[in-house]
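Take a look at the structure below.
Only this structure's heavy atoms are used, side chains among them; waters, hydrogens and symmetry mates stay out. Since the structure is predicted, the reported quantities are computational estimates derived from the model, not experimental observations. Counting starts at 1 for both ligands and their atoms, following the listed order.
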Amino acid sequence: TLDACIMDHLGNAGSVVYLKNIKHPISVARKVMEESKHVMLAGRGAQEFALKNGFKKENILHQQSKKDWKNWNKNKKQLKSLINEDNHDTITMLTLDSKGHFAGGSSTSGLRYKLHGRVGDSPIIGSGIFVDNSIGAAGATGEGEEIMKTVGSFLIVELLKQGYHPQKACEEAIKRITMKHDDTIDFQAAYIALRIDGETGAAAINNGFSYILSKNAKTSINAIK
Ligand code: ASP
């Protein structure tokens, strides 16, 4: 089951949750934003909406995922999330164009071995992403439950409004998670942020995540520390 959301410079938003058998949930989320009067569609209704809007039903279960799941199912003790890129497939993207228009999007299959019906932060406006064209945008990846409980992306954008640099705002949002736990945090959460003047920030609880920054035709891959 896939989740995604998208937000534009006018504050319009679209989201799908628990979407099955449609390859590009972010494109369906965009259709929800552009073609319906709603923000979020879930489950069968989201799939019906996708099919009506020209998307195809496909079997998107990867053979390797099926094999991994079967192995895991034999020994559920492996349930503990691993802090690495293999266990996190979320793509979150923020853009700022030459007209000063922001956009944000996030797309995911959620966490590995999630309970059936589970939805994380990625399709939740304010948690997975948030855009406020007057100041900036923020987005998240990682343990959705923690990100949702602190409404991380909205928090970062509000901190930008208060004058925080995007780097400091991301660090503060990470702190809001870590302060509720003891020192040994064995899950991952990460944020990226982009401000109207082009300044950026990125922070994570643990090492291992990276982000790509493209600016004035220059692209760099950066580790989030
Ligand atoms: N944020 C995603 C979720 O909780 C997971 C991830 O980033 O890998 O659904």
With heavy-atom distances below 4.0 Å as the criterion, list the atoms of ligand 1 near Asp89.
8 (O)
A student checking ligand 1 against Asp121 at a 4.0 Å heavy-atom cut-off should list atoms 1 (N), 2 (C), 3 (C), 4 (O)
Lys168: what forms a salt bridge (charged side-chain N to carboxylate O under 4.0 Å, His left out) with it, not counting sequence neighbours?
Glu171
Shortest non-hydrogen pair, Cys5 vs Ile125, comes out as SG-CD1, 3.8 Å
Side chain to side chain, Leu159 and Phe154, heavy atoms closer than 4.5 Å:
no
Considering both backbone and side-chain atoms of Gly110, is one of its nitrogen or oxygen atoms within less than 3.5 Å of a nitrogen or oxygen in ligand 1?
no
Geometry only, no angles: is Thr141 polar-contacting ligand 1 at N/O separations under 3.5 Å?
no
To which of Glu145, Arg118, Glu146 does the heavy atom nearest atom 4 (O) of ligand 1 belong?
Arg118
N/O separation below 3.5 Å, Ile147 to ligand 1
no
Results of ring-ring contact (aromatic ring centres under 6.0 Å, His included) for His116 - residues two or more places apart only
Tyr18
State the atoms of ligand 1, each with its element, that fall below the 4.0 Å cut-off from a heavy-atom position in Gly144.
4 (O)
Side chain to side chain contact (heavy atoms under 4.5 Å, CB included) for Ile196 and Ser134? Distances and angles first, verdict last.
CA-CA 7 Å; Ile196 190 80; Ser134 70; over 6 Å; no
For His24 together with Phe55, are the ring centres under 6.0 Å from each other?
no
